[in-house]
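We name chains A, B, ... by the order of the sequence lines, and we start the count at 1 in each one.
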Amino acid sequence: MTALSWTEWRTLPLSHPIAEKSLAEQLDGGQSFRWEKDKDGIWTGPLGNSLVSLSHHQNHLQWRTCPSAACTEEFLLSYFDAQGQQAKLIDRLPWRSDPVLDRALKNFPGLRILKHDPHETLIGFLCSSNKRILQIRKMVASLANQLGEPIGGSFHQLPTWTVLARATDAELKACALGYRANFIRNTARVLESQPQWVEEFQKLSTPDLIGKLQTLPGVGPKVAACVALFGFQRLESFPVDTWIVQALSSAYGLNYKRPADFETFGRIHFGSAAGLAQQYLFASARAGQLLPSA
DNA sequence: ACCCAGGTTGTCA
DNA sequence: TGACAACATGGG
């Protein structure tokens, strides 16, 4: 482990500020599983093949990187939607007529969907079934530490699909993936022969993309929706997980049984930015701040 | 010690 | 289609 040499802190301007709790939700709330926060509140994570640190300020972020393979400001501006594209979409959500959504939006000012790497997103959500976010983080960290290239400090890149396809049972076992080990390896064996899969998948319409993702082993409707939303920036994708089922059932009085019915409700009620609404509802539900009485 | 988790898959009616 | 158990593992 070599000592890290950081650049000076620099300002990352944002057209719409991010509240501190919203930043934490974005970096550690189940979109990404790779950021770590130290005692001083500094977030550090691997981003764009280099290591980046972030500190929160009222109307902007401060950032620094390791010079050897430095992350660019341009990359970060895109990652954080610094120009505020999503803020415009949020304004078009039906919050004026939906008090539940209105409160959820106010709970997490500036919360947005970050422009995550599709490869990283797919690995993360392949690990996600029947696991809490903390444990998903640990599985992803194990995969990187056991099988990925070091990039500074204790951080490692995630392994490529080629490496994952050839990983031994013992190597995957050491990552505590449980039955998800076969999801990862079998998906890796499909994708290692398609190095351009991201570019190819990105060309698809959102329904086709979600369908294509579901052909991968271990990818069902929910994981596919998450990968489309976080990894491919399909903001209309509406992942239905246990939190959303609970949230929509209690706050909207829905009594569906099938997840697909909740997904249809989300798509119709929230429209083309349904995935953004989903993030606010998800964050609020997890924080116990969904219902007006809470 | 016991329960359950950002689900998916296989199986049976 | 629809219901339902099995799945590996580790925090709470």
Selection from C:dG2, C:dA8, B:dG7 that lies nearest to any side-chain heavy atom of A:R258: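 When the side chain of A:R258 is considered, C:dG2 is the closest of C:dG2, C:dA8, B:dG7.
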Closest nucleotide among C:dG2, C:dA3, B:dT8 to the A:K257 side chain: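 The answer is C:dA3, which lies nearest to the side chain.
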[X] [atom1] to [N] [atom2], straight-line distance once rounded to whole Å:
X	N	atom1	atom2	answer
A:Y179	C:dG10	OH	P	14 Å
A:D261	C:dT1	CG	P	14 Å
A:N182	B:dT8	CG	C1'	12 Å
A:L126	B:dT9	CG	C1'	14 Å
A:F183	C:dC7	CZ	P	13 Å
A:K222	B:dT8	NZ	P	7 Å
A:F282	B:dG7	CZ	C1'	13 Å
A:L122	B:dT8	CG	C1'	14 Å

Treating [X] as the side-chain partner and [Y] as the backbone partner, does any N or O pair qualify as donor plus acceptor under 3.5 Å?
X	Y	result
A:E171	A:T168	yes
A:S237	A:R234	no
A:S50	A:L47	yes
A:T7	A:T65	yes
A:N186	A:N182	yes

side-chain N/O A:R180 vs C:dC7 OP1/OP2, d < 4.0 Å: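 Answer is no, no contact under 4.0 Å.
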Side-chain N or O of A:S129 closer than 4.0 Å to phosphate OP1/OP2 of B:dA5: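 The answer is no; no side-chain N or O of A:S129 sits under 4.0 Å from OP1 or OP2.
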Residue pairs fulfilling salt bridge (Lys or Arg N to Asp or Glu O under 4.0 Å) with at least one residue in residues 262-271 of chain A, sequence neighbours excluded: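 Output for this query lists A:E263-A:R267.
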Pairs where residues 67-89 of chain A contributes a residue and the test salt bridge (Lys or Arg N to Asp or Glu O under 4.0 Å) is met, not counting sequence neighbours: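 Listed by first then second residue: nothing to list.
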Minimal non-hydrogen separation, A:I244 against A:Q278, with atom names: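 So the minimum-distance heavy-atom pair works out to CG1-NE2, 3.5 Å.
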A:C175 to A:Q146 - nearest heavy-atom pair and separation: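 So the minimum-distance heavy-atom pair works out to SG-CG, 3.7 Å.
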Using a heavy-atom cut-off of 4.0 Å across all strands, would you classify [X] as base, sugar-phosphate, or nothing?
X	result
A:P221	sugar-phosphate
A:G218	sugar-phosphate
A:V219	sugar-phosphate
A:Q278	base
A:Q279	base

Sequence neighbours excluded - side-chain hydrogen bond (donor to acceptor under 3.5 Å, both in side chains) pairs with any residue from residues 104-114 of chain A: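 Listed by first then second residue: A:D102-A:K106, A:N107-A:S284.
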Strand contacts (DNA chain C) in residues 132-140 of chain A, 4.0 angstrom heavy-atom criterion: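 Close to the strand are A:R132, A:Q135, A:K138.
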B:dA1 versus C:dA8 - spacing of their P atoms, nearest Å: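 One P to the other, the span is 22 Å.
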Return the polar atom pairs (N/O with N/O) between nucleotides 4-6 of chain C and the protein under 3.5 Å, or none.
none

Protein-nucleic acid N or O pairs under 3.5 Å, nucleotides 11-13 of chain B:
none

Quick one: sort the [X] and [Y] rings into parallel, tilted or perpendicular, breaks at 30° and 60°.
X	Y	answer
A:W197	A:F201	perpendicular
A:F125	A:F230	parallel
A:F183	A:Y179	perpendicular

